[in-house]
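Some notes on the structure that comes next.
This chain uses plain numbering: 1 for the first residue, then up along the sequence. What you see below is based on every heavy atom in this structure, not just the backbone, and it leaves out hydrogens, waters and symmetry mates.
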Amino acid sequence: MTGAGSATVAFGLEDGFGGSIVDSDSDGSPEYYLPFKNPTVDELSVDNALQRERDPGDVEADGSLAQNFEGGISISGELAEPPKWHELVFNDGGTGFTTGRMPSGTFFFGVDYLDGTAEWAAEQAVTTDVTVNWQQGQPPTVDWTLIYGNASSNMSITPSNIQTPGISDIYAFHGLDLTIDGTTVSKLQSASLSIPTNARFHRDADRHPTDAVIGSVDTTLTTDAIFTGPSNFEAALGGTTPATMLSEVSGSMTFTNGNGTALTYNLGGMKPNNYSWNQLIDNDNDLQDPVEWHVSSLGVT
């Protein structure tokens, strides 16, 4: 940024891979969205995968040849309504997962610098990983990672009328209800829902991809709470001693914002993969028992 208020961040949903930006209300203008409140762009990059070309009698390369074109985006910010980014994560109508294609979007990153305007448009962007984070006393945040297959440089900002969350749209930390096996997790200190889509491009005889598909979605939920009893330990064991098979439980992670709007991640087929005690002997800190849960099905409402 070359000065406060000089940056632009927005995305639009593509009508098919690499297609035009969706005009969902058919008013003649495509819709653009700011994904989060207080956004931070942690990575915006492009990789030409150059290959050096050499001759046997020369110590230096004769030149470099461009291979596949691919870029990376990493953006984070505070969870807020509406979570339109869900439509680039959940490939089954924005609420769940299914085999096949991944939805794609175009991202627009702009800056008004001292002598003009520059925009980086990242097209054919698909989600590879996303994590929803909650920490006691802090606004819930989202870390979003994508790859993209095409780009353009512009001298003006493309998006207009960017839909931006308001203050009451933010999901505050005190609006969370995390339940596991029908019981609310008490004295929760932190929780992270990791959703790797492992999306990948399909390519042919072109530097740019032609399609994108979903990979293995191995969702995990990590919780850390002040110790209130042996229930998590016994869940990790499958009883009071290690069981041959662990039982599956279900859970939900519900956020409610200042408008009363609820956002729920429904967690199915949960089993504890890792469990531990931290700070057992520490007069200045409480005993905590973090758990890493495998989640075999995930949906959002």
Q: Please name all residues satisfying ring pair (Phe, Tyr, Trp, His ring centres under 6.0 Å) with Phe11, sequence neighbours left out, ordered by chain then number.
A: Tyr33, Phe107, Trp144

Q. Going by atom types only, do Asn150 and Arg207 share a side-chain donor-acceptor pair under 3.5 Å?
A. no

Q.
Side chains of Ser216 and Asn198 only: does a donor on one sit below 3.5 Å from an acceptor on the other?
A. no

**Q.** Nearest non-hydrogen partners of Ala66 and Leu50, listed with the distance
**A.** CA-CD2, 3.6 Å

Q | Residues which pass ring pair (Phe, Tyr, Trp, His ring centres under 6.0 Å) with Phe109, listed by chain and number, not counting sequence neighbours | A | none

Q) side-chain contact (heavy atoms from CB on, under 4.5 Å) with Trp293: which of Asn273, Thr220, Thr222, Ile180? A) Ile180

Q. With sequence neighbours left out, what residues match Phe17 under ring pair (Phe, Tyr, Trp, His ring centres under 6.0 Å)?
A. none

Q: Name all pairs fulfilling the ring-ring contact (aromatic ring centres under 6.0 Å, His included) condition that reach into residues 212-236, sequence neighbours left out, sorted by first residue then second.
A: Phe227-Trp277, Phe233-Tyr275

Q) Do Leu188 and Asp224 touch side chain to side chain, with heavy atoms closer than 4.5 Å? A) no

Q: For residues Asp211 and Arg101, report the shortest heavy-atom separation together with the two atoms involved.
A: OD2-NE, 2.8 Å

Q | Pro103 side chain reached by Val126 side chain, heavy atoms, under 4.5 Å | A | no

Q. Side chains of Lys37 and Thr164: closer than 4.5 Å at any heavy-atom pair?
A. yes

(Q) Going by the rule side-chain contact (heavy atoms from CB on, under 4.5 Å), which residues pair with Glu81 if we only count those two or more places apart in sequence or in a different chain? (A) Pro83, Asp169, Tyr171, Asn257, Thr261

Q. Only one of Glu14, Gln124, Glu123 forms a side chain to side chain donor-acceptor pair (under 3.5 Å) with Thr106, so which one is it?
A. Glu14

Q. In the single-linkage hydrophobic clustering (I, L, V, M, F, W, Y; side-chain heavy atoms under 4.5 Å), do Trp120 and Ile162 co-cluster?
A. yes

(Q) Ignoring hydrogens and geometry beyond distance, is a side-chain donor-acceptor pair present between Glu31 and Ser24 at under 3.5 Å? (A) yes

Q: Verify the ring-centre separation between His86 and Tyr265: is it less than 6.0 angstrom?
A: yes

Q: Please identify each residue that fulfils ring pair (Phe, Tyr, Trp, His ring centres under 6.0 Å) with Tyr32, with sequence neighbours left out.
A: Phe108

